[in-house]
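Everything below concerns the one structure shown next.
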Protein chains: 2
Amino acid sequence: MPTIKDVAKHANVSVATVSRVLNENGYVNEDTREKVLESINKLDYQPNELARTLYTRRSRMIGLIVPDITNPFFPELARAVEDVTNAKNYTFILCNSDDQVLKEKNYIDVLRKKYVDGFIIVTSTLTNDHLEGINTPVVALDRNFEPDIPCVSADNYHGAKLAVEHLHNIGCKKIAHVAGPEFVMNAQHRLRGYLDMVADKPFFSEDLVVNGDYHLQNAKEATMNLLKAHPDIDGIFVGNDLMAVGVLKAAETLAIKVPDQLSIVGFDGITLGETTSPALTTIAQPIYDMGAKATNLLMDMIEGKPVEETEYTFPVQLVERESAKKGMMLSE
Amino acid sequence: MPTIKDVAKHANVSVATVSRVLNENGYVNEDTREKVLESINKLDYQPNELARTLYTRRSRMIGLIVPDITNPFFPELARAVEDVTNAKNYTFILCNSDDQVLKEKNYIDVLRKKYVDGFIIVTSTLTNDHLEGINTPVVALDRNFEPDIPCVSADNYHGAKLAVEHLHNIGCKKIAHVAGPEFVMNAQHRLRGYLDMVADKPFFSEDLVVNGDYHLQNAKEATMNLLKAHPDIDGIFVGNDLMAVGVLKAAETLAIKVPDQLSIVGFDGITLGETTSPALTTIAQPIYDMGAKATNLLMDMIEGKPVEETEYTFPVQLVERESAKKGMMLSE
DNA sequence: GTGAAAGCGCTAACAG
DNA sequence: CTGTTAGCGCTTTCAC
């Protein structure tokens, strides 16, 4: 691999001059410019990013930290981040935290040592203390974790209300909620949305809310218990689509027909929801747009552009598929 | 951030000495060692990986290139790679190629400039020509693409036979195949396995094989056409689980009952297959083990250990769930 | 306009 | 055993 020195020698100039044409910075005679460019071409010279980074302290890499890469929501998000970073000639590094602060911290440490230019973090457990002394730009995605860190997320509260409202509209008389982990901000908002819709209804009692931890299996088990204790539940709003699949499974196991006997509405709008039987009615977030927005935002911060807002909330949307339909109680 | 110089000054030694205790290499007096260690602690010094890399040409990073991060198979694989790289103090960079040589090449270029120590590549389109001049270790995963590149994959051919055999055993009389892309090696092997089992059967005709391109939607459409043309098909071996979900969908759309009227066997053993209704009978690969093996293999190559074998084939296994069951034709 | 030289933070001869 | 020094490949003052 040729170095800048080789190019300089070949073109009969100094390395400084080569560097100047490389970075299009400083004066350089048109003729020598041509000469240098020619040498670069001839030698197939590629600047060494690393050496560059060592000096400039910019690596053109960003880190994306997500809690669970096997939840399809995050690959879809990652896909957006990838496209934007690529388009801007950046590289992104995907990190999986399992929602463990320790792993998050570790990744941040490792990546900072590699001079990454910024982080996009999906986290519930990280606080400013962990970020202390980091002057690397950070944007929060999907879950906001510190007031002064720009955050891109969906309108979780409103989405939850939308979901419950829909279940109500199609005639459900007793609506339960399978929630995400308590420590996850968006799960809280979704829960709150649910509660604000049903808390004053006569059918409501606190044990209509169970915890599924954003995991399929946990959701399935929690739902089995829920449905056994309350056989008259006819609608469930589930905190995310992955868990909703678990709820679907639970219903199947108990031989409860969806949507005839039980209507289910999920949250997220991941592709997985289209493929279940019945296909999942859900509150869809603009996943790709959110990922892209977060990435663009981060790039702007990296490039020193001022960030106007600190909170970007994306609208959500009810997607009617099969798991929640107007049924027999339509007349209501 | 303190540098090695700061530590040297603090400990009243030269940078060389600090470097020596850092790398545990060369002689250094126990007392001065202590002293240096103390300074390192006091200053909370962290060696700059980048500067190190520039000199050693080793970055402790590897690249993982996969064709489609939104196919759950690959996150599961990535998960294994992540765990192993972390355990060995490496970082991995995930790249998505969309099965496009151009993107693959581009990623390889970019990452090489960042001095990554090795690549794990899932590809069908890359050839040695593209890797020419790369003296970075490479291992192929899931799909072998060049004879002299070590490859970790599953026994696709045998798995396919297993699948067809199972369909046969439970009484299927007319077994079709939804294949993956022709240019993908493992898809070829699976197709061959199928053909070797059925080519001499009276029911067989070439149009029992359709192409689903390893995509859910394509598989669904292809299957709709297939089932319309051959309503008497009672068993389908599908090239991967993702497509099998599409096949399930197709059957549902046509009001064909699975497994009562039609048995379906997939391939891969991804978690998604447990969550469909009916749950997917499939040929499971040891996905995590394969990912881990490939990573360990790559690490060994990076560390200069000799590689004994060049082909690591993992056994596959029939996982019986609900989409293929002994049905009415059991008596056969 | 262009080149010499210092330096980004670290490693590895080479002396002593 | 330890320090001096020359790089790794690039960028950027500062002279000329």
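Residue B/S19 places at least one side-chain N or O under 4.0 Å from the OP1 or OP2 atom of C/dT11. For the pair A/Y55 and C/dC10, the criterion of a side-chain N or O lying under 4.0 Å from OP1 or OP2 is not met. For the pair B/S14 and D/dG3, the criterion of a side-chain N or O lying under 4.0 Å from OP1 or OP2 is met.
A/L22 has its CG atom 9 Å from the C1' atom of D/dC10, to the nearest Å.
A salt bridge is absent between A/E76 and A/R79; no separation between the charged side-chain nitrogens and carboxylate oxygens falls under 4.0 Å.
With DNA chain D read from its 5' end, the first of the two nearest nucleotides for A/N48 and B/V15 is the one closest to B/V15. Nearest-nucleotide assignment on DNA chain D puts the 5′-proximal partner with B/T17, out of A/M1 and B/T17. When each of B/R20 and B/L50 is assigned the nucleotide of DNA chain C bearing its nearest heavy atom, the one mapping closer to the 5' terminus is B/L50.
Shown for residues 23-40 of chain A: residues whose heavy atoms fall under 4.0 angstrom of DNA chain C, namely A/Y27, A/V28, A/N29, A/T32.
If you check every strand for non-hydrogen atoms under 4.0 Å, B/R57 touches sugar and phosphate atoms only. Using a 4.0 Å heavy-atom distance criterion, A/V13 is classed as a sugar-phosphate-only contact.
Of the listed residues (B/D98, B/N96, B/T125), just one forms a side chain to side chain donor-acceptor pair (under 3.5 Å) with B/K103, and that residue is B/D98.
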